[in-house]
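Read through the structure below, which is laid out as C-alpha cells, and then see the notes.
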Number of protein chains: 2
Amino acid sequence: MNSQLDSYDLRLLAAVQQDARTPQNELGEAVNLSTAAVNRRLKRLGEEGVIERYTAVIAPDAVGYGLTIIATVEVESEQIDQLDATRRSFTVCPHVQQCYYTAGEWDFVLVFVVQHMEQYNELTRKLFFGNANVKRFKTLVAMSRDKVGSTLPIGEN
Amino acid sequence: MNSQLDSYDLRLLAAVQQDARTPQNELGEAVNLSTAAVNRRLKRLGEEGVIERYTAVIAPDAVGYGLTIIATVEVESEQIDQLDATRRSFTVCPHVQQCYYTAGEWDFVLVFVVQHMEQYNELTRKLFFGNANVKRFKTLVAMSRDKVGSTLPIGEN
DNA sequence: TCTGAAAATGGACCTTT
DNA sequence: AAAGGTCCATTTTCAGA
C-alpha cells in the first residue's frame, strides 16, 4: 500500500467513486488516457488498497431499515482489553453501520440502522446496558438523512 | 419506486452490497437463478431505486484525508427557511461526508473528512461561526474509524 | 498504444405459471 | 401478465505484442 497518486489517479478515483460502472473507455476519454492505461491504473489502485472495494449502495427504506440512530457512548475504563472488547462488540453488530472511537466528550460514536425503535431498544440492552464498561450513552434519532455515504472530496481541495 | 422484494432480491442485494463486481453468472449460482434472471432483477432494482448507485470505496488515508471529525450542532431556530438554509450549507460542503438532522440533545450530526485540524478549523469558521443560526456545536475527533460505510444488515435478522 | 481473446452484460425469444 | 430459461449479439475488460 502506497505510492503517490498523480493527477490521473485522482481523477479516476473521483470518477469511480461517483459511479463505479462507468466503462473504462469513457473514463479514458474523460481523463485523456487510453482504455488500457485506465485499466492498468484501476488494477493497481485496487491492489494497493487505494480502492478498498466496489459496492452497491442500497436505499435503506427499500429494505425496511427506515430508522437511523446515532448514539454517543462513554466507557468506564479505557484500559486496552476492556476497550477492545467493547469496540469489538460494537463493530460486529450488523446494525451498527459505523463506529468511531473518539476524543472529546464521548468515547464512541455509533451509527445504527434499524427497522424500528423497538429494535434499537433491544440493541441498547445488549450493547450498552449489558456491558459493564459502558458508563453512559446518549441517543439521537435521525429525522432525516440529508447526506450519507463514504464519499471523499477528491479534487475539491 | 416500490415493490416488495422477494428472497432472491434480498440475496442479490446482500451480495452486490458486499462486492459490486461479482459477475452475474456467479450471483446466479449463489442464489439459484440464471444469469439473465439476475441481470433483469438487478436492472429492475436499479430502476426502482432500491440500488441507488454503484461506487468505489476509497481509502481516506490514501488521498490525504487522514482525519475524521464528528460534530454535533444545535440551531437557534427550527423555522423551515432557516433550517433548510443551514442544512443546505452543510450538505453542499464536500468535506461534510454525512449530515443527519436529529431529534434529541442536538439538531444535526455531521461527519467531516479533512486533511488536518486546520482545515476543520476553517470549516467551523465558515459553517458554524459564520452562521447566525448555529447556536452551539461540539467536536469529537475520531482516533480510529473502527467501522465505516453504508452497509445495511440484509438477511441478518 | 494497439489489437484481440476472454469475460460479462443485456436483449430477443420462447416456455411456464 | 409476470418471471424464468436458453441463446446470441454487443460491450467491456484485460493482457501480450
Side-chain angles (χ1 to χ4, degrees), chain A residues 1-65 149-152 154-155, chain B residues 1-60 62-63 149-152 154-156:
Chain A
M1 141 100 73
N2 180 30
S3 76
Q4 45 246 28
L5 308 173
D6 65 16
S7 147
Y8 287 121
D9 290 326
L10 291 177
R11 284 196 287 165
L12 288 175
L13 291 172
V16 295
Q17 177 179 242
Q18 252 298 311
D19 179 2
R21 293 187 15 144
T22 313
Q24 298 174 352
N25 60 3
E26 278 185 44
L27 293 174
E29 283 170 35
V31 305
N32 263 306
L33 279 178
S34 69
T35 305
V38 171
N39 186 277
R40 257 177 283 120
R41 279 171 183 265
L42 288 179
K43 182 170 192 284
R44 176 172 54 76
L45 291 167
E47 287 166 352
E48 289 174 348
V50 175
I51 295 175
E52 291 179 354
R53 65 202 191 94
Y54 292 87
T55 180
V57 179
I58 294 162
D61 306 297
V63 288
Y65 289 104
S150 312
T151 308
L152 298 173
I154 296 177
Chain B
M1 145 97 75
N2 183 30
S3 76
Q4 44 246 28
L5 308 173
D6 65 17
S7 147
Y8 287 121
D9 290 326
L10 291 177
R11 282 194 288 162
L12 289 175
L13 290 172
V16 295
Q17 177 179 242
Q18 252 302 308
D19 180 2
R21 294 186 13 144
T22 313
Q24 297 174 351
N25 59 3
E26 277 185 42
L27 293 173
E29 283 170 35
V31 304
N32 262 307
L33 279 178
S34 69
T35 306
V38 171
N39 187 280
R40 276 189 295 259
R41 280 171 180 265
L42 289 178
K43 181 169 191 283
R44 177 172 53 77
L45 291 167
E47 287 165 353
E48 288 173 350
V50 175
I51 295 175
E52 292 179 353
R53 64 203 191 94
Y54 292 88
T55 180
V57 179
I58 294 164
V63 287
S150 312
T151 308
L152 298 173
I154 297 176
E156 298 285 348

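Letters go in sequence order (proteins before strands), and every chain restarts at 1.
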One should read off an interatomic distance between R41(B) CZ and R11(B) CZ, to the nearest 0.5 angstrom, of 9.5 Å
L152(A) side chain near L13(A) side chain, heavy-atom distance below 4.5 Å = no
Outer limits of DNA chain C sitting under 4.0 Å from a non-hydrogen atom of chain A, read 5' to 3', are dT1(C) to dG10(C)
Here the distance between atom C1' of dA3(D) and atom CG of L45(B), to the nearest Å, is 14 Å
Please list every donor-acceptor pair under 3.5 Å in which a side-chain atom of residues 49-57 of chain A meets a protein atom from a residue at least two apart or in another chain.
| residue | atom | partner | partner atom | Å |
| --- | --- | --- | --- | --- |
| R53(A) | NH1 | Q17(B) | O | 3.3 |
| R53(A) | NH1 | Q18(B) | O | 3.1 |
| R53(A) | NH2 | T151(B) | OG1 | 3.3 |
| T55(A) | OG1 | Q17(B) | O | 2.7 |

Contact nearer the 5' end of DNA chain D, comparing R40(B) with A36(A) = R40(B)
Distance in Å, I154(A) CD1 paired with L10(A) CG, rounded so as to fall on 0.5 Å steps = 6.5 Å
Rounding to a whole Å, what distance do you find between R44(B):CZ and dA2(D):P?
-> 12 Å
N39(A) CG to dG16(D) P: how many Å, rounded?
-> 12 Å
Could you state the CG-P distance from N25(B) to dC8(D), rounded to the nearest angstrom?
-> 18 Å
Roughly how far apart are Q4(A) CD and D9(A) CG, rounded to 0.5 Å?
-> 10.5 Å
Please give, in whole Å, the distance from dA15(D) P to R41(A) CZ?
-> 16 Å
Find the distance L33(B):CG to dA2(D):C1' and express it as a whole number of Å.
-> 14 Å
Check the pair L33(B), R40(B) against side chain to side chain contact (heavy atoms under 4.5 Å, CB included), reporting the backbone distance first and the verdict last.
-> CA-CA 11 Å; L33(B) 279 178; R40(B) 276 189 295 259; over 6 Å; no
Could you please name the option among dA3(D), dT12(D), dC14(D) that lies closest to any side-chain atom of Q24(A)?
-> dC14(D)
d(CG, L42(A); P, dT13(D)) in whole Å | 9 Å
Integer-rounded Å distance: dT12(D) C1' and E29(A) CD | 14 Å
Report the residue (S34(A) or R21(A)) whose heavy-atom-nearest nucleotide on DNA chain C is the more 5′ of the two.
-> S34(A)
4.5 Å side-chain heavy-atom contact, L5(B) and L45(B) = yes
